Amino acid sequence: MSAEKLLRGRVLSFLDEPDGVEDTSVYTYAKDGAILIRDGLIVASGEHAEVALRADSDAEVVDHRPKLLMPGFIDTHIHFPQVQVIGSWADQLLDWLNTYTFPEETKFADPGHSARIASLFFDELLRHGTTTAAAFCSVHKASADAFFGEAEKRNLRMIGGKVMMDRNAPEGVCDTPQSGYDDSKALISQWHGKGRGLYAVTPRFAITSTPEQMEMAQALSAEHPDCYVQTHLSENHDEIALTAELYPEARDYLDVYEHYGLLGPKCLFGHCIHLTERERSAMAETGSVAVFCPTSNLFLGSGLFDEAGLKAQNVRRAIATDVGGGTNYSMLRTLDEGFKILQLQRQRMHPLKSFYWITLGNARCLSLEEKIGTLDAGTEADIVVLDSRATSAMALRMETVTSLSEELFVLQTLGDDRSIAQTYVAGEPVVF
Ligand code: GUN
Ligand code: ZN
């Protein structure tokens, strides 16, 4: 039996960011399409008639017609220890952190708990069609070991990091500048580049890190320039005010991170809602990434992300769930809420842009576009199979749909985990 798989279905993959509604030059779409997979990589994708010619005669054929095959979705900001925080009845950010989130994260000191939740966390991601995520673990080294161990077992392309936090939180979720450095260093040497795992140096945010800890984060990032940096920035007005009190020398919130050398193309900043002009230009100049977290921003009443303004200033922009501040694992639900946030600001997000964003767009923001986010030959075969008629409401709406853009908009507006018919990780179907 050949080691090859030939998936049949409608095949959609993006080449670039759509410039507007009419921009049909930025994707490839094959109505009678196929993807040929060998050794976890995509060998060819496109028209079935052409791709099938490349397949071994005994390749396994999996017929997904008439479903839509796309690159697996990418979530650029999520908290793995918050799967039992999601849906907690809170006031805004700082109250939510203190009342629910920090107490819950203390449980991850226990390796058994960390291992159980890591497994359930990846089950959820995959059920929702997400094949890559950039995740915050808890402060405990054990939580990151569990995260990467489980990801490796499942051969997942995952980014993660233990949060560094040494003040303004309960003792059970605090490290020290030295232990935060040592644990992060050990995790980098054990997991960064092991299998498909990648490490992110993760100072949680300015409020929970002393200047001494920020220096340690700076040292880690300088010693490991190929690692990511992930943190939070300018999410909530009380958070911004407290940050200014804690870092009185800083010109603004971003300047805290800038001062410690934590800006750059591999630096991911969750939220970025209330940025000043100066902060936006500094982000653009350094290639830093602003991460839009729609369901979280609505749930915590944080504010409205200014996608058009950031784009106009050439700030790189990713999109993410931010579970458990975010309220759904689904990147489709995330797009739907994102659309509404932009709609409130008279910024109209086109469905082609939406599906570009959760695939190639996010891959580019993670500097991983050579590996994931498209169906290009040579990339990793992380694939999602989408059913636009998954519910009776969707099927009814689909009766009047006449174009791909309309179908995508139905998927993002009405779709959720029920629309994920199958997920493939490195060419293997995931059972869920
Ligand atoms: N800021 C610091 N920590 C967090 C967190 O866990 N979630 C969100 N949404 N914002 C944060
Ligand atoms: Zn977050």
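Bear in mind the structure is a predicted one, so any value in this text is a computation, not a measurement. Read the numbers this way: they start at 1 and go in the same order the structure lists the ligands and their atoms. Residue numbers count from 1 along this sequence.
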### Query
If the Zn ion (ligand 2) is the vertex, what is the angle to NE2 of His232 and NE2 of His79, rounded to 10 degrees?
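If I round to 10°, I get 100°.
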The Zn ion (ligand 2) as vertex, arms to OD1 of Asp322 and NE2 of His77: angle to 10°?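 Between OD1 of Asp322 and NE2 of His77, the angle at the Zn ion (ligand 2) is about 90°.
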Review point. Which of parallel (below 30°), tilted (30 to 60°) and perpendicular (above 60°) describes Trp191 and Phe148?
Key: parallel
Between Tyr329 and the options Leu126, Asp75, Ile86, Thr334, the side-chain contact (heavy atoms from CB on, under 4.5 Å) test singles out Ile86
- What is the nearest protein non-hydrogen atom to atom 3 (N) of ligand 1, stated with its residue, atom name and distance?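 Answer, as residue, atom name and distance: Arg204 NE, 2.8 Å.
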Worksheet item: For atom 9 (N) of ligand 1, what is the nearest protein heavy atom, given as residue, atom name and distance?
Response: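 The closest heavy atom on the protein side is Asp322 OD2, 2.7 Å.
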The single option from Lys162, Lys141, Arg204 that satisfies salt bridge (charged side-chain N to carboxylate O under 4.0 Å, His left out) with Asp175 is Lys162
Q | Centroid-centroid under 6.0 Å between His192 and His224 rings | A | no
Quiz item: Does the gap between the ring centers of Tyr253 and Tyr247 come in under 6.0 Å?
Solution: no
State the atoms of ligand 1, each with its element, that fall below the 4.0 Å cut-off from a heavy-atom position in [X].
X	result
Leu97	2 (C), 3 (N), 4 (C), 5 (C), 6 (O)
Leu93	8 (C), 10 (N), 11 (C)
Glu235	1 (N), 8 (C), 9 (N), 10 (N), 11 (C)

Practice item. Work out whether the distance between some heavy atom of Trp96 and some atom of ligand 1 is less than 4.0 Å. Key: yes
message: Within the structure, is a non-hydrogen atom of His271 found at a distance of less than 4.0 Å from ligand 1?
response: yes
Audit row: Ser388, Arg397, side-chain hydrogen bond (donor to acceptor under 3.5 Å, both in side chains) steps and yes/no: CA-CA 10 Å; Ser388 308; Arg397 176 64 179 86; over 6 Å; no
State whether the shortest distance between N or O atoms of Glu105 and N or O atoms of ligand 1 falls below 3.5 angstrom. no
Q) Without hydrogens or angle criteria, can the side chains of Thr276 and Glu279 be said to hold a donor-acceptor pair below 3.5 Å? A) yes
